[in-house]
2 protein chains.
Amino acid sequence: MSDFAKEKEIFFNHLKESGLKKTGQREVILVVFLKTEGHLSAEDLYNLVKAEDPTVGFTTVYRTLKLMCECGLAREEGMGDGFKRYEHHYNHPHHDHLICTECSDLIEFYSETIEKKQDEIALSHNFKPTHHSLRIWGICSACQKKTKTKAAAK
Amino acid sequence: MSDFAKEKEIFFNHLKESGLKKTGQREVILVVFLKTEGHLSAEDLYNLVKAEDPTVGFTTVYRTLKLMCECGLAREEGMGDGFKRYEHHYNHPHHDHLICTECSDLIEFYSETIEKKQDEIALSHNFKPTHHSLRIWGICSACQKKTKTKAAAK
DNA sequence: CTCTCTGCAAATCTTTTGCAGTCCT
DNA sequence: AGGACTGCAAAAGATTTGCAGAGAG
């Protein structure tokens, strides 16, 4: 089964198990979310959903995002600007982010060394870690070039 | 000169350089902040300040926190709950946090290995890092004991 | 039919801003 | 005196909740 099909199944199972109903809106929101790659804010998702079905309101988007997080399809992550972002969680292993403060570009990375060291540190404090978030802000390669070009043009 | 005296000097210099005025409220807020250790929210600080001088409003606390960040005495850091926290920045080298999701306790740590690895990763993406934040959520040692005790009592 | 959903509008919650009066310098 | 500062109240921005009508099972 494709991930896409599995994810839909997980979602609808979660609804059934919680005594919730399968509705058109929830399905549109789910499908639109699954089709995206990125790190969307609730509003981003709302806009994508609205393009597909203009009658869906943001209340429902927020509520459905919560459901998707509950059943492990999505995860919440703040990037330091005012709002929460949502990423795929199912079959999307943990990763961290480089965040460009000029263009808001996000670069994902993963480091075994860092993950291991984190576990060591937690262990040394008798701390039982559940999840973590590492964010590095700075200027991405493209924006560095832009700045240089501007400076040269002076 | 003590750190305390230096920090006051830095703050008042910052005011002078920016054409701002030295006021009683700003001084109380500064001093109260400098006396604390921790990771305070604006409201935490407001409450501490109010105990010392009940006439200070939170507007001024927020505005003064911004000033303290500007001149490098404080740094802003979100812990994933709804609000911003403020830490000492002057002579307080960067560190990361273990965050207990039961009791909200914060444990600071620092790892040279992780810091180095982060720089390597940034470099490998031609990314120029400015700052970063690593947060590990989980259950602290004390809360694990509490849970065990409860379980044993059943 | 019942019980959950939905969208709207209104409420939250933290942080910011406009304003009229107050206080440094 | 004059501009900056302050506290209040109101605004803002993201997210949540109450409600009455709509829809799934």
Side-chain angles (χ1 to χ4, degrees), chain A residues 8 11-30 32-33 39-71 74-86 104, chain B residues 8 11-30 32-33 39-71 74-86 104:
Chain A
K8 286 182 82 163
F11 185 69
F12 292 130
N13 276 344
H14 178 66
L15 292 183
K16 192 169 286 178
E17 281 163 22
S18 313
L20 303 175
K21 290 175 178 173
K22 181 171 166 175
T23 66
Q25 291 90 326
R26 283 177 177 161
E27 183 157 8
V28 183
I29 296 167
L30 171 70
V32 169
F33 176 74
H39 309 77
L40 303 100
S41 66
E43 199 182 346
D44 293 339
L45 183 57
Y46 170 63
N47 287 326
L48 292 173
V49 167
K50 213 169 50 173
E52 203 110 335
D53 178 349
T55 69
V56 177
F58 21 75
T59 309
T60 306
V61 172
Y62 275 105
R63 289 194 272 229
T64 305
L65 274 168
K66 192 160 281 179
L67 291 173
M68 296 194 291
C69 289
E70 278 172 24
C71 65
R75 82 169 69 105
E76 215 179 273
E77 167 97 36
M79 296 302 168
D81 47 7
F83 24 68
K84 295 174 186 166
R85 304 302 182 87
Y86 296 87
S104 300
Chain B
K8 286 182 83 163
F11 185 72
F12 292 130
N13 275 345
H14 177 67
L15 292 181
K16 191 168 285 177
E17 280 164 22
S18 314
L20 302 176
K21 289 174 178 171
K22 181 170 168 176
T23 67
Q25 291 92 327
R26 284 178 177 160
E27 183 157 7
V28 183
I29 296 167
L30 170 71
V32 170
F33 175 74
H39 308 78
L40 304 100
S41 66
E43 198 182 347
D44 293 338
L45 182 57
Y46 170 63
N47 287 326
L48 292 173
V49 167
K50 211 168 48 173
E52 203 107 338
D53 178 350
T55 69
V56 175
F58 36 70
T59 310
T60 306
V61 173
Y62 276 104
R63 290 193 273 229
T64 305
L65 274 168
K66 192 158 283 179
L67 292 173
M68 294 195 291
C69 289
E70 279 171 23
C71 65
R75 83 168 69 103
E76 213 179 276
E77 168 96 37
M79 295 301 166
D81 47 6
F83 27 68
K84 296 176 187 165
R85 305 301 183 87
Y86 297 86
S104 301

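The shown structure was predicted, so the numbers you read here are calculated from the model rather than taken from an experiment. Letters A, B, ... mirror the listed sequences (proteins, then strands); counts begin at 1.
We find that CD of B:E76 is positioned 13 Å from C1' of C:dT16, with the value rounded to whole Å. Distance CZ (B:F83) to C1' (C:dT12): 13 Å, rounded to an integer number of Å. In this structure, CG of B:N47 is placed 12 Å from P of C:dT14, rounded to the nearest angstrom. One can place CD1 of A:I29 at 13 Å from P of C:dC5, the figure rounded to the nearest angstrom. Taking atom NZ of residue A:K50 and atom C1' of nucleotide C:dT6, one finds them 16 Å apart after rounding to whole Å. Distance B:Y46 OH to C:dT14 P: 14 Å, rounded to the nearest Å.
Contact annotation for A:S41: no contact, since no heavy-atom pair falls under 4.0 Å across all strands. Looking at heavy-atom distances under 4.0 Å, B:Y62 makes contact with a base. Using a 4.0 Å heavy-atom distance criterion, B:R63 is classed as a base contact. As judged by a 4.0 angstrom heavy-atom cut-off over every strand, A:K16 is placed among residues making no nucleic acid contact.
The nearest pair of heavy atoms linking A:Y46 to A:G57 is CE1-C, 3.7 Å. For the residue pair A:L15 and A:K21, the shortest heavy atom distance occurs at CD1-O, 3.6 Å. Of all heavy-atom pairs spanning A:V49 and A:V28, the tightest one is CG1-CG1, 4.2 Å. Taking every heavy atom of both residues into account, A:T60 and A:V56 meet most closely at CB-CG1, 4.3 Å.
For the OP1/OP2 pair of C:dT16 and a distance below 4.0 Å, the side-chain nitrogens and oxygens of B:K84 include at least one atom meeting the criterion.
You'll find the side chain of B:R85 stays beyond 4.5 Å of the side chain of B:L40, heavy atoms only.
Annotation: of the two residues near DNA chain C, B:A42 and A:V61, the 5′-most nearest-nucleotide partner is A:V61.
Atoms OH and CD, from B:Y62 and B:E43 in turn, are 7.0 Å apart once rounded to the nearest 0.5 Å.
Of all nucleotides in DNA chain D, those with any atom nearer than 4.0 Å to a heavy atom of chain B start and finish, going 5' to 3', at D:dG2 to D:dA9.
Side chain of A:S18 to backbone of A:H14: a donor-acceptor contact under 3.5 angstrom is found.
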Distances under 3.5 Å only, N/O to N/O: pair up the protein atoms with those of nucleotides 21-25 of chain C.
{"from": "C:dC24", "atom 1": "O3'", "to": "B:K22", "atom 2": "O", "distance (Å)": "3.3"}
{"from": "C:dC24", "atom 1": "O2", "to": "B:K21", "atom 2": "NZ", "distance (Å)": "3.2"}
{"from": "C:dT25", "atom 1": "OP1", "to": "B:K22", "atom 2": "N", "distance (Å)": "3.3"}

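At a cut-off of 3.5 Å, with distance as the only test, no side-chain donor of A:H39 or A:E77 sits close to an acceptor on the other residue.
Taking the side-chain hydrogen bond (donor to acceptor under 3.5 Å, both in side chains) definition, one finds that A:D44 meets it with A:S41, sequence neighbours left out.
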